[in-house]
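First listed ligand is number 1; within each ligand, the first listed atom is number 1.
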Amino acid sequence: MLLAIDCGNTNTVFSIWDGERFLCTLRTSTHHARTADAYFTWFSTLLKHYGIEPDITDVIISSTVPRVVFNLRVFADRFFGCRPLVVGKPECLLPFAPRVDEGTQVGPDRLVNTAGAYDRHGGDLVVVDFGTATTFDVVASDGAYVGGVIAPGVNLSLEALHLAAAALPHVDISKPQKVIGTNTVECMQSGVFWGYVGLVREICSRIKGEYGTPMKVVSTGGLAPLFQQTADLFDAFEDDLTMHGLTVIHRYNKENGSA
Ligand SMILES: Nc1ncnc2c1ncn2[C@@H]1O[C@H](COP(=O)(O)OP(=O)(O)O)[C@@H](O)[C@H]1O
Ligand SMILES: CC(C)(COP(=O)(O)O)[C@@H](O)C(=O)NCCC(=O)O
Ligand SMILES: [K+]
(Lines give C-alpha, C1' and ligand atoms only; values in the text may rest on other atoms or scores of the structure.)
(Ligands and ions follow the chains in the order given, each with its own letter.)
Protein backbone atom coordinates (compact mmCIF):
# COMPACT_ATOMS: atom_id res chain seq x y z
CA MET A 1 0.00 0.00 0.00
CA LEU A 2 0.99 3.57 -0.61
CA LEU A 3 1.29 6.25 2.05
CA ALA A 4 0.84 9.63 0.36
CA ILE A 5 1.99 12.69 2.33
CA ASP A 6 0.98 16.22 1.31
CA CYS A 7 2.80 18.79 3.38
CA GLY A 8 1.55 22.37 3.02
CA ASN A 9 2.73 25.46 4.86
CA THR A 10 -0.09 25.06 7.42
CA ASN A 11 -1.10 21.38 7.49
CA THR A 12 0.41 18.01 6.67
CA VAL A 13 -1.99 15.34 5.43
CA PHE A 14 -1.32 11.58 5.35
CA SER A 15 -3.54 9.28 3.25
CA ILE A 16 -3.28 5.53 2.78
CA TRP A 17 -4.07 4.28 -0.73
CA ASP A 18 -4.79 0.58 -1.17
CA GLY A 19 -4.72 0.75 -4.98
CA GLU A 20 -8.44 1.42 -5.29
CA ARG A 21 -9.41 3.81 -2.55
CA PHE A 22 -8.11 5.88 0.35
CA LEU A 23 -8.44 3.91 3.59
CA CYS A 24 -8.01 6.97 5.79
CA THR A 25 -6.82 10.56 5.83
CA LEU A 26 -5.00 11.99 8.85
CA ARG A 27 -4.08 15.63 9.37
CA THR A 28 -1.51 17.34 11.59
CA SER A 29 0.01 20.80 11.64
CA THR A 30 3.20 21.30 9.65
CA HIS A 31 6.22 21.61 11.90
CA HIS A 32 9.75 21.14 10.61
CA ALA A 33 11.15 20.07 13.97
CA ARG A 34 8.79 17.07 14.28
CA THR A 35 10.94 13.94 14.35
CA ALA A 36 10.41 10.63 12.57
CA ASP A 37 9.58 9.03 15.92
CA ALA A 38 7.01 11.73 16.67
CA TYR A 39 5.34 11.18 13.28
CA PHE A 40 5.16 7.47 13.94
CA THR A 41 3.70 7.86 17.43
CA TRP A 42 0.94 10.10 16.07
CA PHE A 43 0.35 7.97 12.97
CA SER A 44 0.21 4.58 14.70
CA THR A 45 -2.03 5.87 17.48
CA LEU A 46 -4.61 7.13 14.99
CA LEU A 47 -4.46 3.95 12.88
CA LYS A 48 -5.09 1.92 16.02
CA HIS A 49 -8.00 4.19 16.91
CA TYR A 50 -9.57 3.60 13.48
CA GLY A 51 -8.76 -0.14 13.54
CA ILE A 52 -6.66 0.02 10.36
CA GLU A 53 -3.61 -2.19 9.92
CA PRO A 54 -2.14 -1.20 6.56
CA ASP A 55 0.80 -2.91 4.92
CA ILE A 56 2.69 0.17 3.73
CA THR A 57 5.34 -0.61 1.14
CA ASP A 58 5.70 2.76 -0.63
CA VAL A 59 5.75 6.40 0.42
CA ILE A 60 5.39 9.52 -1.73
CA ILE A 61 5.87 13.04 -0.38
CA SER A 62 4.95 16.48 -1.72
CA SER A 63 6.16 19.29 0.50
CA THR A 64 5.98 23.05 0.08
CA VAL A 65 8.24 23.25 3.16
CA PRO A 66 11.68 21.85 2.25
CA ARG A 67 12.84 21.48 5.87
CA VAL A 68 10.24 18.85 6.80
CA VAL A 69 11.38 16.42 4.12
CA PHE A 70 14.41 15.17 6.06
CA ASN A 71 12.38 13.84 9.00
CA LEU A 72 9.72 12.39 6.67
CA ARG A 73 12.44 10.52 4.78
CA VAL A 74 13.73 9.07 8.06
CA PHE A 75 10.13 8.17 8.99
CA ALA A 76 9.65 6.23 5.72
CA ASP A 77 12.99 4.49 6.00
CA ARG A 78 12.80 3.57 9.69
CA PHE A 79 9.20 2.41 9.88
CA PHE A 80 8.39 1.13 6.38
CA GLY A 81 11.86 0.25 5.11
CA CYS A 82 11.40 2.28 1.95
CA ARG A 83 12.97 5.20 0.16
CA PRO A 84 10.21 7.72 -0.45
CA LEU A 85 9.56 9.42 -3.77
CA VAL A 86 9.79 13.16 -3.23
CA VAL A 87 7.98 15.28 -5.82
CA GLY A 88 10.28 17.92 -7.27
CA LYS A 89 13.46 15.86 -6.76
CA PRO A 90 15.19 14.68 -9.95
CA GLU A 91 14.54 10.99 -9.22
CA CYS A 92 10.77 11.58 -9.16
CA LEU A 93 9.50 11.53 -12.75
CA LEU A 94 6.56 13.68 -13.76
CA PRO A 95 4.08 12.65 -16.46
CA PHE A 96 4.61 16.07 -18.14
CA ALA A 97 7.51 18.49 -17.65
CA PRO A 98 6.40 21.98 -16.58
CA ARG A 99 6.87 24.75 -19.13
CA VAL A 100 8.06 27.72 -17.06
CA ASP A 101 10.99 30.16 -16.99
CA GLU A 102 14.36 28.48 -16.66
CA GLY A 103 15.46 28.10 -13.04
CA THR A 104 11.89 28.39 -11.66
CA GLN A 105 11.07 25.95 -8.87
CA VAL A 106 7.36 25.26 -9.19
CA GLY A 107 5.76 24.34 -5.85
CA PRO A 108 5.43 20.54 -5.71
CA ASP A 109 1.80 20.86 -4.61
CA ARG A 110 1.08 22.64 -7.90
CA LEU A 111 2.74 19.88 -9.93
CA VAL A 112 0.75 17.29 -8.01
CA ASN A 113 -2.54 19.17 -8.48
CA THR A 114 -1.76 19.39 -12.18
CA ALA A 115 -1.23 15.62 -12.45
CA GLY A 116 -4.37 14.85 -10.45
CA ALA A 117 -6.60 17.27 -12.33
CA TYR A 118 -5.33 16.18 -15.75
CA ASP A 119 -5.94 12.54 -14.90
CA ARG A 120 -9.56 13.28 -14.01
CA HIS A 121 -10.47 16.01 -16.47
CA GLY A 122 -7.95 16.07 -19.32
CA GLY A 123 -6.23 19.36 -20.17
CA ASP A 124 -7.12 23.04 -20.59
CA LEU A 125 -7.78 23.54 -16.90
CA VAL A 126 -7.37 26.04 -14.11
CA VAL A 127 -6.86 24.39 -10.71
CA VAL A 128 -7.62 26.70 -7.78
CA ASP A 129 -6.17 25.48 -4.46
CA PHE A 130 -7.24 27.26 -1.26
CA GLY A 131 -4.26 26.55 1.00
CA THR A 132 -2.00 28.86 3.00
CA ALA A 133 -1.67 30.66 -0.30
CA THR A 134 -4.38 30.48 -2.95
CA THR A 135 -2.82 29.14 -6.11
CA PHE A 136 -4.14 29.01 -9.65
CA ASP A 137 -2.41 26.40 -11.80
CA VAL A 138 -2.87 26.37 -15.56
CA VAL A 139 -2.84 22.86 -17.07
CA ALA A 140 -2.28 22.78 -20.84
CA SER A 141 -4.04 20.41 -23.25
CA ASP A 142 -1.13 17.92 -23.00
CA GLY A 143 -1.21 17.88 -19.18
CA ALA A 144 1.80 20.16 -18.57
CA TYR A 145 1.83 22.85 -15.90
CA VAL A 146 2.37 26.07 -17.84
CA GLY A 147 2.15 28.73 -15.12
CA GLY A 148 -0.43 30.39 -12.94
CA VAL A 149 -1.09 32.82 -10.15
CA ILE A 150 -0.20 32.97 -6.43
CA ALA A 151 -2.49 35.06 -4.21
CA PRO A 152 -2.52 35.42 -0.41
CA GLY A 153 -4.60 32.73 1.29
CA VAL A 154 -8.02 33.48 2.75
CA ASN A 155 -6.96 32.93 6.37
CA LEU A 156 -3.66 34.67 5.76
CA SER A 157 -5.54 37.78 4.65
CA LEU A 158 -7.74 37.76 7.75
CA GLU A 159 -4.72 37.15 9.97
CA ALA A 160 -2.79 39.97 8.32
CA LEU A 161 -5.59 42.40 9.24
CA HIS A 162 -5.51 41.19 12.82
CA LEU A 163 -1.71 41.38 13.09
CA ALA A 164 -1.36 44.80 11.51
CA ALA A 165 -4.27 46.66 13.13
CA ALA A 166 -4.48 46.91 16.92
CA ALA A 167 -8.29 47.06 17.04
CA LEU A 168 -9.00 44.17 14.66
CA PRO A 169 -9.59 40.79 16.35
CA HIS A 170 -8.71 37.29 15.14
CA VAL A 171 -11.66 36.22 12.97
CA ASP A 172 -12.53 32.94 11.27
CA ILE A 173 -13.78 33.07 7.72
CA SER A 174 -17.47 32.52 7.05
CA LYS A 175 -19.96 33.78 4.51
CA PRO A 176 -21.43 37.02 5.82
CA GLN A 177 -25.20 37.45 5.47
CA LYS A 178 -24.80 40.92 4.03
CA VAL A 179 -22.07 42.92 2.34
CA ILE A 180 -22.49 45.92 4.63
CA GLY A 181 -21.24 44.72 7.99
CA THR A 182 -22.68 46.34 11.12
CA ASN A 183 -19.92 45.18 13.46
CA THR A 184 -16.14 44.75 13.16
CA VAL A 185 -16.20 40.99 12.66
CA GLU A 186 -18.85 41.18 9.91
CA CYS A 187 -16.94 44.01 8.21
CA MET A 188 -13.74 41.95 8.15
CA GLN A 189 -15.50 38.79 6.96
CA SER A 190 -17.24 40.75 4.25
CA GLY A 191 -13.99 42.30 3.02
CA VAL A 192 -12.20 39.01 2.78
CA PHE A 193 -15.11 36.84 1.61
CA TRP A 194 -16.51 39.12 -1.11
CA GLY A 195 -13.03 40.31 -1.96
CA TYR A 196 -12.10 36.71 -2.60
CA VAL A 197 -15.15 35.99 -4.72
CA GLY A 198 -14.09 38.94 -6.87
CA LEU A 199 -10.44 37.87 -6.89
CA VAL A 200 -11.23 34.34 -8.02
CA ARG A 201 -13.71 35.49 -10.66
CA GLU A 202 -11.40 38.13 -12.09
CA ILE A 203 -8.29 35.96 -12.15
CA CYS A 204 -10.10 33.01 -13.77
CA SER A 205 -11.65 35.29 -16.36
CA ARG A 206 -8.30 36.87 -17.21
CA ILE A 207 -6.56 33.48 -17.36
CA LYS A 208 -9.23 32.25 -19.80
CA GLY A 209 -8.89 35.40 -21.90
CA GLU A 210 -5.11 35.07 -22.09
CA TYR A 211 -5.18 31.32 -22.69
CA GLY A 212 -7.59 31.65 -25.56
CA THR A 213 -9.30 28.22 -25.52
CA PRO A 214 -12.26 27.23 -23.30
CA MET A 215 -11.09 26.00 -19.89
CA LYS A 216 -12.61 24.11 -17.01
CA VAL A 217 -12.03 25.45 -13.48
CA VAL A 218 -11.44 22.82 -10.78
CA SER A 219 -11.13 23.80 -7.12
CA THR A 220 -9.65 22.04 -4.14
CA GLY A 221 -8.76 22.82 -0.52
CA GLY A 222 -10.86 23.11 2.63
CA LEU A 223 -12.34 26.52 1.85
CA ALA A 224 -13.38 25.84 -1.74
CA PRO A 225 -16.95 24.68 -0.85
CA LEU A 226 -17.57 27.92 1.01
CA PHE A 227 -16.99 29.86 -2.20
CA GLN A 228 -18.66 27.32 -4.46
CA GLN A 229 -21.98 27.55 -2.62
CA THR A 230 -22.06 31.31 -3.09
CA ALA A 231 -21.29 31.92 -6.70
CA ASP A 232 -20.72 29.73 -9.71
CA LEU A 233 -16.96 30.04 -9.62
CA PHE A 234 -15.92 26.46 -10.36
CA ASP A 235 -16.97 23.66 -12.69
CA ALA A 236 -15.92 21.04 -10.16
CA PHE A 237 -14.77 20.78 -6.56
CA GLU A 238 -12.58 17.88 -5.42
CA ASP A 239 -11.28 17.76 -1.88
CA ASP A 240 -8.92 14.84 -2.62
CA LEU A 241 -7.32 16.32 -5.75
CA THR A 242 -3.80 16.64 -4.29
CA MET A 243 -3.93 13.13 -2.85
CA HIS A 244 -5.19 11.78 -6.14
CA GLY A 245 -2.31 13.55 -7.92
CA LEU A 246 0.17 11.85 -5.59
CA THR A 247 -1.22 8.41 -6.52
CA VAL A 248 -1.01 9.34 -10.23
CA ILE A 249 2.65 10.40 -9.94
CA HIS A 250 3.49 7.33 -7.88
CA ARG A 251 1.90 5.01 -10.46
CA TYR A 252 3.74 6.81 -13.27
CA ASN A 253 7.07 6.27 -11.48
CA LYS A 254 6.28 2.58 -10.87
CA GLU A 255 5.41 2.08 -14.52
CA ASN A 256 8.56 3.85 -15.63
CA GLY A 257 10.91 2.10 -13.26
CA SER A 258 11.70 4.98 -10.92
CA ALA A 259 9.93 3.69 -7.78
N1 LIG B 1 -12.69 23.06 6.16
C2 LIG B 1 -12.05 24.15 6.58
N3 LIG B 1 -12.71 25.17 7.19
C4 LIG B 1 -12.06 26.28 7.61
N5 LIG B 1 -10.75 26.49 7.45
C6 LIG B 1 -10.06 25.52 6.85
C7 LIG B 1 -10.63 24.31 6.37
N8 LIG B 1 -9.66 23.55 5.81
C9 LIG B 1 -8.53 24.27 5.92
N10 LIG B 1 -8.76 25.44 6.55
C11 LIG B 1 -7.81 26.51 6.82
O12 LIG B 1 -7.37 26.95 5.56
C13 LIG B 1 -5.99 27.30 5.61
C14 LIG B 1 -5.25 26.47 4.62
O15 LIG B 1 -5.26 25.15 5.06
P16 LIG B 1 -4.65 23.98 4.19
O17 LIG B 1 -5.50 23.79 3.00
O18 LIG B 1 -4.44 22.80 5.07
O19 LIG B 1 -3.27 24.70 3.80
P20 LIG B 1 -1.86 24.12 3.34
O21 LIG B 1 -2.13 23.04 2.34
O22 LIG B 1 -1.19 25.32 2.75
O23 LIG B 1 -1.15 23.61 4.56
C24 LIG B 1 -5.53 27.09 7.03
O25 LIG B 1 -5.58 28.32 7.70
C26 LIG B 1 -6.55 26.09 7.58
O27 LIG B 1 -6.70 26.22 8.96
C1 LIG C 1 2.62 28.91 -3.56
C2 LIG C 1 2.88 27.95 -2.42
C3 LIG C 1 3.47 28.71 -1.24
C4 LIG C 1 1.54 27.33 -1.98
O5 LIG C 1 1.76 26.52 -0.85
P6 LIG C 1 0.61 26.07 0.20
O7 LIG C 1 -0.42 27.13 0.23
O8 LIG C 1 0.05 24.78 -0.33
O9 LIG C 1 1.31 25.84 1.48
C10 LIG C 1 3.82 26.78 -2.88
O11 LIG C 1 3.28 26.18 -4.02
C12 LIG C 1 5.22 27.27 -3.18
O13 LIG C 1 6.01 27.46 -2.28
N14 LIG C 1 5.53 27.47 -4.49
C15 LIG C 1 6.83 27.86 -4.96
C16 LIG C 1 6.76 28.93 -6.03
C17 LIG C 1 5.93 28.55 -7.25
O18 LIG C 1 5.14 27.60 -7.23
O19 LIG C 1 6.08 29.23 -8.29
K1 LIG D 1 -1.82 24.45 -1.73
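Here the side chains of Val87 and Leu246 are in contact, with some heavy-atom distance below 4.5 Å. Two residues are said to be in side-chain contact when any heavy atoms from C-beta on lie closer than 4.5 Å; Asp129 and Arg110 fail this criterion.
Polar contact check, Val106 against ligand 2: no nitrogen or oxygen pair lies under 3.5 Å apart. Remark: ligand 2 and Thr104 share no N or O pair separated by less than 3.5 Å (distance only, no angle test). Checked by distance only, ligand 2 and Thr132 come closer than 3.5 Å through their nitrogen or oxygen atoms. No N or O atom of Gly131 sits closer than 3.5 Å to an N or O atom of ligand 2.
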Salt bridge (charged side-chain N to carboxylate O under 4.0 Å, His left out) evaluation trace for Arg83 with Asp58
CA-CA 8 Å; Arg83 200 165 166 259; Asp58 293 62; over 6 Å; no
Where do Asp6 and Val112 land on the side chain to side chain contact (heavy atoms under 4.5 Å, CB included) test, with the steps shown first?
CA-CA 9 Å; Asp6 165 29; Val112 172; over 6 Å; no
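Stacking of Arg34 on the aromatic ring of Tyr39 is recorded, both the 6.0 Å distance cut-off and the 45° axial limit being met.
Of the listed residues (Ile207, Val126, Asp232, Leu125), just one forms a side chain to side chain contact (heavy atoms under 4.5 Å, CB included) with Val217, and that residue is Val126.
At a cut-off of 3.5 Å, with distance as the only test, a side-chain donor of Tyr211 or Asp124 sits close to an acceptor on the other residue. Residues Glu238 and His121 bring a donor and an acceptor atom of their side chains to less than 3.5 Å of each other. Looking only at atom types and distance, the side chain of Ser15 has a donor-acceptor partner in the side chain of Thr25 under 3.5 Å away.
Using a 4.0 Å cut-off to heavy atoms of Gly8, the atoms of ligand 2 that qualify are 9 (O). Within ligand 1, the atoms closer than 4.0 Å to a non-hydrogen atom of Phe130 are 17 (O), numbered from 1 in the order shown. Under a 4.0 Å criterion applied to the non-hydrogen atoms of Arg27, ligand 1 contributes the atoms 18 (O). Of all the atoms in ligand 1, the ones that sit under 4.0 Å from a non-hydrogen atom of Gly131 are 14 (C), 17 (O), 19 (O), 22 (O). Using a 4.0 Å cut-off to heavy atoms of Thr132, the atoms of ligand 1 that qualify are 14 (C), 19 (O), 20 (P), 22 (O), 23 (O).
Of all the heavy atoms of Gln105, the ones lying under 4.0 Å from any atom of ligand 2 belong exclusively to the backbone. Contacts between Asn9 and ligand 2 below 4.0 angstrom, taking non-hydrogen atoms only, involve backbone and side chain alike. When non-hydrogen atoms are compared, ligand 1 lies under 4.0 Å from the side chain of Leu223 (C-beta onward) but not from its backbone. Only side-chain heavy atoms of Thr135 come within less than 4.0 Å of ligand 2; its backbone N, CA, C and O stay farther off.
In the hydrophobic clustering, Ile180 connects to no other residue, as no ILVMFWY side-chain heavy atoms lie under 4.5 Å from its own.
Among Thr134, Asn11, Asn155, the residue whose heavy atom lies closest to atom 15 (O) of ligand 1 is Asn11. Here the shortest heavy-atom distance to atom 1 (N) of ligand 1, taken over Gly222, Ser62, Gly221, belongs to Gly222.
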